[in-house]
Amino acid sequence: MPEREKTNILIVDDKAKNIFALEEVLAGAGRNFIRAINGKEALKIVLNEEIDLIILDVQMPGMDGFEVAQILKSHKRTREIPIIFASAERKEHQSMMKGFEEGAVDYLYKPLDPAITEAKVSVLLQLHLQKKELVKKNLILEKHSLLINNSADLICIINVRTLQFEEANQAVNSMLGYTIEEFRNTSILSYLDAEGRLTVENLSQSDKEKFSFETRVYCKDGSARWLNWNVVSKDGLWFANSRDITDKKAADQEISQLNAELKENITQLEATNNELESFSYSVSHDLRAPLRSINAYARIILDDHYDGLDEELRRLFDIIQRNANKMGVLIDDLLRFSRLGRRKLEKVPVDLVELTQRALKDLTEHNKSEADIQIGTLPSAEGDPALLYQVLLNLLSNAIKYSAKRPAPKITIGALENENELIYYVKDNGTGFNMDYVHRLFSVFQRLHNGNEFEGTGVGLAIVQRIIAKHGGRVWAEGEPDKGATFFFSLPRPATEKIQHNYGNP
Amino acid sequence: METRKIDILLVEDNPDDADLTIRALKKNGLASSIIHLQDGEEALDFIFCKGVYSDRVFEEMPKLLILDLKMPKVDGIEVLRQVKSDSRTRAMPVVLFTSSSEERDITKSYQSGVNSYIVKPVEFESFVKVVSNLGLYWLSLNQIPHR
């Protein structure tokens with residue numbers, strides 16, 4: 001409610017000259033006069049206006065002053081308005097006043113003495129205004145107390161000297177299970193564990209004005225909750241707000257436990273990785289030596305004793321030698337594959353056209369290819385050039401290999417783009433494959449063709465897959481038996497540049 | 001112990017690999033003065049005239065040291081390191097001839113001053129070719145300071 005600057009005084013009298021006379025006597029700063037010439041009008045005004053004092057003529061035609069006052073006193077909203085009766089009949093008031101002992105009511109005798117009138121009015125007005133102020137303050141207090149008691153946090157006042165709770169809100173009950181009465185005048189120390197007691201005792205010796213701390217607090221049922229106390233210290237009292245952080249503590253503990261487990265897992269992984277590394281190292285060194293011997297001595301027998309061997313023995317030694325060689329190639333491929341896992345990516349801008357040309361040159365230098373090879377426009381990417389070269393080398397070598405037996409082998413290298421990635425493809429019109437087995441294409445040692453038809457160990461595409469995955473891209477393939485195959489790989493679009501190109505479909 | 005002048009000191013623990021290496025060298029007439037030792041410790045004794053080789057004339061150094069990498073007791077890297085850190089033996093060409101194509105082995109070898117790092121091929125024809133090439137290169141083409 002906005003503050004009114006003036007106090008409203010209602011003067012009720014059936015004679016206008018009486019009203020004027022009163023107004024003259026009471027005129028003063030901050031006073032506003034409202035007039036009513038009968039009881040009905042007076043009640044109407046009181047209902048609509050905020051009235052601070054009523055001077056009520058007792059003898060009025062129709063409803064007299066006492067009747068008006070009775071109505072006012074019987075309504076809650078108007079009960080507190082002070083009333084001064086004005087009457088010419090001095091004797092009658094004693095009996096009539098009976099109903100008005102409570103509340104601010106006074107009596108003036110006509111003819112009015114200006115000094116007494118002013119004195120009574122100002123006293124009653126002052127009393128009324130003070131009472132109003134009190135009611136307002138009470139309302140505020142009531143609101144605050146509602147707020148405080150409604151809080152889920154424990155709000156309390158602690159005496160620093162005795163460390164006893166002087167006040168606490170309802171949260172002591174909802175949070176800890178005690179009643180406010182049980183809690184009041186007990187020491188905070190009695191609810192804490194040893195560590196918490198030490199914390200609080202130390203803080204009570206300090207002269208910090210504002211601080212916070214965490215303690216475990218024991219509930220009435222014997223369980224404990226973690227509270228975070230935020231304290232303002234003033235005049236030997238702590239004004240504390242304590243939040244229940246039990247759940248957060250539990251979550252924190254869970255997180256640190258998870259972290260510890262994670263750390264342990266990493267350590268284990270590192271150990272496994274080291275084991276794998278030394279395993280592959282042993283494979284590299286120790287497995288090749290016996291193979292070399294098998295191969296070499298089979299060869300030496302063939303070379304040095306060729307004449308002494310019949311056709312069948314020569315064939316058998318040849319098989320031994322060939323298989324030892326094959327095993328050597330398998331080991332080399334496997335090692336190459338396993339090394340990829342350990343290798344760190346060194347990303348730089350890469351010109352895919354240049355890489356493709358280089359790979360093609362290296363592939364066709366010793367084995368001339370009959371294929372018609374077309375390189376489309378390829379956007380530059382970001383990646384490890386040596387590894388991407390390996391990807392192109394493997395895909396192109398496959399394309400050449402699997403299309404070599406066609407009458408007119410054709411290989412196309414091209415690119416597509418979408419919002420997030422650059423997509424490259426190598427398309428051939430070779431043997432193709434059945435899409436039913438597409439999921440096996442990129443696994444190690446998985447082959448869709450048999451070794452008599454096409455040579456290979458089945459590691460090439462697995463390497464492609466691994467390299468592209470390390471770059472954050474994807475690989476996939478489309479094919480049809482005897483129609484050809486298209487191998488796609490994508491790379492994340494470089495963050496730094498936007499490339500505007502249009503690329504055709506494969 | 002014989003102390004005749006030698007061209008190649010081959011340090012190799014695998015007898016088959018040693019046999020194959022010597023065979024390959026023989027095919028190219030390079031095996032006339034070769035000594036084969038079984039491990040790194042023996043190699044160091046030989047090079048620095050210790051133990052059973054204390055009577056050897058230090059100055060009669062081999063023209064080429066072919067080292068396997070993984071050997072019992074003292075490995076190839078350690079032999080390499082000691083040869084390259086002694087001013088009297090530093091000039092002797094050392095070739096690491098090993099099955100390992102691991103990057104870290106190659107790096108470590110070059111950091112220790114190896115002159116060549118050659119991976120032994122599994123396939124015999126390539127093996128013979130590689131051994132002949134390395135023998136011819138280091139013994140015929142390459143020039144080292146005269147002592």
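Every chain is numbered from 1 and lettered A, B, ... according to where its sequence line falls, protein lines coming before strand lines.
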The reported gap from CD1 in A:I331 to OG in B:S101 (rounded to nearest 0.5 angstrom) is 11.0 Å
So does A:E346 have more than 12 non-hydrogen atoms from other groups sitting under 6.0 Å from CD?
no
The interface call for A:A324 against chain B, heavy-atom contacts under 4.5 Å, is backbone
Bottom line for A:D303: the part with an atom under 4.5 Å from chain B's heavy atoms is side chain
Subject >> Student check: side-chain heavy atoms of A:R288 and B:T98 closer than 4.5 Å >> reply: no
* Just by distance, do the side chain of A:N295 and the backbone of B:F124 share a donor-acceptor pair under 3.5 Å? -> yes
ask   = Just wondering, do B:V122 and A:D332 contact through their side chains at under 4.5 Å, heavy atoms?
value = no
CD (A:E370) with more than 12 external heavy atoms under 6.0 Å | no
CD of B:E125 to CD of A:Q321, rounded to nearest 0.5 Å, is 7.0 Å
Quiz item: Got more than 12 heavy atoms from elsewhere within 6.0 Å of CD, A:E264?
Solution: no
Got more than 12 heavy atoms from elsewhere within 6.0 Å of CD, A:E311? no
Looking only at B:D19, B:V119, B:N14, the option with the highest number of non-hydrogen pairs under 4.5 Å against chain A is B:D19
> With no hydrogens and no angle check, do the side chains of A:R292 and B:S99 hold a donor and an acceptor under 3.5 Å apart?
Replying inline: yes
For A:S293 and B:D17 the tightest heavy-atom approach is OG-OD1, 4.5 Å
Query raised in the report: More than 12 foreign heavy atoms under 6.0 Å from NZ of B:K26: is that the case here?
Result: no
